[in-house]
Structure formats: structure tokens, C-alpha cells
Protein chains: 2
Amino acid sequence: MVLPRAARTQRRTRIQEEKEERILEAALEVFSANGFRGATVDQIADVAGMSKPNLLYYFRTKEAMHRALIDRVLDTWLDPLRAFDAEGNPVAEIRSYIRRKLEMARDYPRESRLFANEVLQGAPHIEDELKGPLKALVDEKAEVIRAWAKAGKIAKCDPYHLIFAIWSTTQHYADFDVQVRAVLGQGNSGDGRFEDAARFLERLFVDGLQVSEQPTP
Amino acid sequence: MVLPRAARTQRRTRIQEEKEERILEAALEVFSANGFRGATVDQIADVAGMSKPNLLYYFRTKEAMHRALIDRVLDTWLDPLRAFDAEGNPVAEIRSYIRRKLEMARDYPRESRLFANEVLQGAPHIEDELKGPLKALVDEKAEVIRAWAKAGKIAKCDPYHLIFAIWSTTQHYADFDVQVRAVLGQGNSGDGRFEDAARFLERLFVDGLQVSEQPTP
DNA sequence: TGATAATTTGACCGGTTGGTAAACATTACA
DNA sequence: TGTAATGTTTACCAACCGGTCAAATTATCA
């Protein structure tokens, strides 16, 4: 038998587990850095440390690899939004969502760039995911936010644009990392910018920029 | 003589002006939608309505086209930040900067995506621009913001991260357009989302989300 | 152990890509 | 108008790309 894994129904062997793992790790590295079209199968095979035909034995096409990667990563990528709790304290929930998203940008920048590349170029491979599960989840959480606003627990605002604002400000530190580093200059070898960003963003989203009315005695 | 334009020093002919214009317009269309590596010279020639060798007569290489495009676009792209006025009213300046950046995202999304593609993939072609002119301009405006904060005209905050936040929230509507549309659902054929975004962002940056202490009589 | 299935490899293929060569056409201008 | 410079096209190339194939190697297990 020479059927590659995708066509098999039996349980996967140890070798399959290991190789597919290595391939998807390499695919994440290469796709996130170059986009789908910019990535080459040779490059992925090289990073994965195997020959191209060997790689294509496990994933028959470049598209199949990309799809498997997207499926695997999208779920965990949306976890922070799922953790958004309707029962919690509104301001605290938003703060911790920002913090979690910033941690993701710091710890999983490749995943962020994978999606950014895709969406930026018109989302040709993940349109269904955007209009389906993503929209459904956002709709659900937007309703939570709307209820908070209605109850006077946070300022009245468009919940969708609030979510967009949190996404964009936090993912910016992953997707535009080189620009952030270039502008901040050297001397930021560590992750200090993430702590500064967290401080700034939590403050921004809660209080805004206007000077708060201090009791003027 | 068969020297292409780049090597010539004499004034450019009418034909050169026209063709280079058409080429850069086509290049913007194609590079912004596919990134540098994803774009093909054939594709750009096609959009420009000329043969590939003809195109390569005006720009000797794909890289030369890309560079010319970047040089041309970067300047206008930074105009809104340059307009940031140290003498103006701080909160009003920030509001109008947000508004201007949103208008750019609405009216020039291709320019935004051109840079986003580039930066996302490590800025291999514009590293110098980021570390040079861009950083210089941001440094200058950050100083203005810092002075405002010090004078108590706006809340104390990190000026660099404030600029990042304005960039990311506004450019999000150009760079992640398909995702924004997918999440908002159909029925957004017009530009209504930009007005909603403007309302939300101006409010966010000025007041934050916390309910403002209303005079409770 | 031996046979069978799973895995790996090198050689290769057709299509695409960025770019070139040279002949041909057009324009500018003395 | 004549001619030299400028502009355009056809044909082409070498490198690269995603993917195939058949043969060789290794793992599995009766």
C-alpha cells in the first residue's frame, strides 16, 4: 500500500504522528514568514529536515498542508475570546482579554502572522472559517458586550468595533514586530515592549487619554 | 541607445511619464494584493496593459519597480503624522489624526496593504525606511505627545504605544478588510463601517470604556 | 525469520517565473 | 524629410516550482 495518510482510516503510527508534527511545525515557520504563495514546499521540507517527496507522502499537496495547519491553529487562536465571561466584571474581563491577547502575540507570533498573511491577501483559503465559526463567536461575545453597555456597566459603544480594536492593537505587536522594533530602536532585546504595551493598552481602553477630573479643592 | 530610464539623466519624455505612471499604478494593485514574492511581472504587465518586455524596459527588475513604488507611496502615507501639530489642542489633534488615518484606510487601502505585506514578512525591502525616516518622524511626534502629557493636557502615557495603537486600529480597516466584512456580515456594501469605526475610536481614545462619573444629583 | 506493509529517496516532468536578445516600429528633431 | 534615439514586440532561456514515479529501504508482526 502506498496510500498517504489522508486516505487511510486506521489509527496512525508513531512515525506518522512524529512526522506530521514536524511538518506542521515547519509549515507554520515558513507559511507565517512568507505567506501561502511565497512559501515553497522545498523550503518547508528543508526546515522539517526531510526530502520533498517524503513530505508529500504525508501531505499530498501544499494546500493540504496549509489547511491542516489552519485547522489546527485557529482553535487555539480563538481561545482567549472564548474565555470572555458574561458573568465576570466587565472592565476586568476586557482587561484580561487584552492581557491574554498580548501574551499570545508575544508567545505565538507565527500563528498571528499566519492569519494576517492570509487575511491581508483576501483570505482565499479561510473565507469559510471567517464567515462561519469566527463570525458566530464574535456575534455571541458582541451580544455580551452590548448587554454590559445597556446595563450601564461600561460605556455605550459598538461591540464589534471594540473587538476589532482589541484585536488590532494587540496583534500589531506580532504582525508588525519589525516595525515596532525599528521605531523603538535598539536596546529592546527583551520583551519589555510587551509590558509597556500592556500598561498602555489597559489604561487606554479603561480611561482613555483625557485627563481625569481630579477633585480640584 | 537602449538604456532604460533608470540609467538616463536627461529629462523624461511624455511617453515615459505616462507609462511609468501606468506601471506604478498596476504595481500597486498587484503588490498590495499579493505581496512582493506573490506578485508576478506578467501580472503587473497585464494590469498595466502592456507586454512584459515593454514593462521591463521602464523598470529593469521587479525589485526596481517595488522600490520606486515604495519611495513614491511612503511619503504621502506619512502625511497625516506630519500634520500632527504641537501647537494645537492635544485631544483635538489626536482625534483628527485618527480621523485622517481612517480616511486613508478607506480611500487608499492598497497603500496600507502594500506596507502591511512588507512589514509582515520582515520588511526585507524597506528596513532602511523604517529605521531612518519613519523612526525619525515618530521620535519627533512622540516628543510632542510626551510634552503634552507632562503639561497635564492629556493623560500620562507612553507616546510610542499611543502611536502604535492609532496606527493599528485605523489600518486594521484596510489591512483586514475581508475579515471586518466577514464578521460584520452582509448589508455593509457601503462605507458605513468607517463612520462607525470613527465614532467608536474617537470615543475610545478620549474617554475609554469606563462609565464616566455623571453628576448624580 | 520471512513476507508484507510503510516509509524514503533520486530522477524526473510540465508549467511558471524573472529576465534577455535582437529585430522591428515609432517618435523627436535638425 | 532623413536619421538617430526611443519605444515595442516576438522568441527565447535558465532557474524554480509543485508534484509524480518507481525503485530502494525500513518497520511490523505472524
Side-chain angles (χ1 to χ4, degrees), chain A residues 1-24 26-27 29-31 33-69 117 121 124-125, chain B residues 1-24 26-27 29-31 33-69 117 121 124-125:
Chain A
M1 276 260 228
V2 281
L3 277 184
R5 153 186 139 51
R8 265 175 271 136
T9 51
Q10 303 296 20
R11 70 187 167 79
R12 291 153 62 201
T13 68
R14 173 184 49 81
I15 290 181
Q16 280 167 30
E17 301 268 9
E18 283 178 13
K19 290 295 166 73
E20 286 172 18
E21 188 66 25
R22 267 170 55 191
I23 291 171
L24 289 181
E29 184 72 25
V30 176
F31 279 133
N34 304 98
F36 181 79
R37 205 171 185 291
T40 73
V41 177
D42 287 274
Q43 210 180 345
I44 298 171
D46 197 53
V47 172
M50 59 180 77
S51 68
K52 181 168 63 170
N54 194 186
L55 184 154
L56 288 168
Y57 170 76
Y58 292 99
F59 294 94
R60 279 210 278 228
T61 66
K62 190 181 170 184
E63 298 233 3
M65 276 178 43
H66 191 256
R67 168 137 302 275
L69 185 58
N117 263 302
Q121 304 195 359
H125 304 93
Chain B
M1 275 263 225
V2 282
L3 279 182
R5 160 187 133 48
R8 266 175 268 136
T9 52
Q10 302 296 20
R11 69 187 166 80
R12 290 153 63 202
T13 69
R14 174 185 47 85
I15 291 182
Q16 278 167 31
E17 301 269 9
E18 285 177 14
K19 290 294 166 72
E20 285 171 17
E21 188 66 25
R22 267 169 56 192
I23 291 170
L24 288 181
E29 184 72 25
V30 176
F31 279 132
N34 304 98
F36 181 78
R37 206 168 185 290
T40 74
V41 177
D42 288 274
Q43 209 181 346
I44 297 170
D46 198 53
V47 172
M50 59 179 79
S51 68
K52 181 168 64 170
N54 194 185
L55 184 153
L56 289 167
Y57 171 75
Y58 292 98
F59 295 94
R60 278 211 278 232
T61 65
K62 188 181 171 184
E63 298 232 3
M65 277 179 42
H66 190 257
R67 168 138 301 275
L69 184 59
N117 263 303
Q121 304 194 0
H125 305 94

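Just so we're on the same page: letters track the sequence lines, and every chain starts at 1.
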| field | Separation of atom CG in Asn34(B) from atom P in dT17(C), rounded to whole Å | value | 11 Å
| request: To the nearest Å, give me how far apart CD (Glu63(B)) and C1' (dT17(C)) are. | output: 14 Å
| note | Rounding to 0.5 Å, atoms CD1 (Ile23(A)) and CG (Leu69(A)) come to a distance of 11.5 Å
| OP1 or OP2 of dT6(D) less than 4.0 angstrom from a side-chain nitrogen or oxygen of Gln16(B), does that happen here? | no
| request: Nearest whole angstrom, please: distance from the P of dG19(D) to the CZ of Arg60(A). | output: 11 Å
| query | Does Asn54(B) make a side-chain N or O approach to OP1 or OP2 of dT9(D) shorter than 4.0 Å? | reply | yes
| request: Round to a whole Å and report the spacing from CD of Glu18(A) to P of dA6(C). | output: 17 Å
| message | Can you list everything that forms a side-chain contact (heavy atoms from CB on, under 4.5 Å) with Ala33(A)? Sequence neighbours excluded, please. | response | none
| query | Taking only residues two or more places apart in sequence or in another chain, which ones pass salt bridge (charged side-chain N to carboxylate O under 4.0 Å, His left out) with Arg67(B)? | reply | Asp71(B), Glu129(B)
Collect all protein-nucleotide pairs involving nucleotides 16-18 of chain D in which both atoms are nitrogen or oxygen and the distance is under 3.5 Å.
| unit_1 | atom_1 | unit_2 | atom_2 | d |
| --- | --- | --- | --- | --- |
| dC17(D) | OP1 | Arg37(B) | NH2 | 2.9 |
| dG18(D) | OP1 | Ala39(A) | O | 3.2 |
| dG18(D) | OP1 | Lys62(A) | NZ | 3.0 |
| dG18(D) | OP2 | Val41(A) | N | 2.9 |
| dG18(D) | N7 | Lys52(A) | NZ | 3.0 |

| field | Nearest-nucleotide pick for Pro53(A), side chain only, options being dC21(D), dT9(D), dG7(D) | value | dC21(D)
| Hey, does the side chain of Tyr57(A) come within less than 4.0 Å of dT9(C)'s phosphate (OP1/OP2), counting only N and O? | no
| remark: The side-chain contact (heavy atoms from CB on, under 4.5 Å) partners of Lys62(A) (sequence neighbours excluded) come to Phe31(A), Phe36(A), Val41(A)
| query | Expressed in angstrom and rounded to an integer, what is the separation of Ile44(B) atom CD1 from dG18(C) atom C1'? | reply | 11 Å
| said: Distance check, rounded to the nearest 0.5 Å: Lys19(B) atom NZ versus Tyr57(B) atom OH? | reply: 10.5 Å
| query | Under the salt bridge (charged side-chain N to carboxylate O under 4.0 Å, His left out) test, which residues partner Asp42(B), sequence neighbours left out? | reply | Lys52(B)
| query | Tell me, do Thr61(B) and His66(B) make a side-chain contact under 4.5 Å, heavy atoms counted? | reply | no
| Excluding sequence neighbours, so at least two apart, what forms side-chain contact (heavy atoms from CB on, under 4.5 Å) with Arg37(B)? | Thr40(A)
| said: Measuring to OP1 and OP2 of dT9(D), would you say a side-chain N or O of Ser51(B) lies under 4.0 angstrom away? | reply: yes
| field | Angle between terminal axes - the helix from dT1(C)-dA30(D) to dA30(C)-dT1(D), 5 pairs each end, rounded to 10° | value | 10°
| Spacing of Glu17(A) atom CD relative to dT7(C) atom P, expressed in whole Å | 11 Å
| Atom CG in Asn34(B), atom CD in Gln43(B): separation rounded to 0.5 Å? | 5.0 Å
| request: Using atom CG of Asp46(A) as one end and atom P of dT9(C) as the other, report the distance to the nearest whole Å. | output: 13 Å
| field | Whole-Å gap separating P (dT10(D)) and CE (Met50(B)) | value | 15 Å
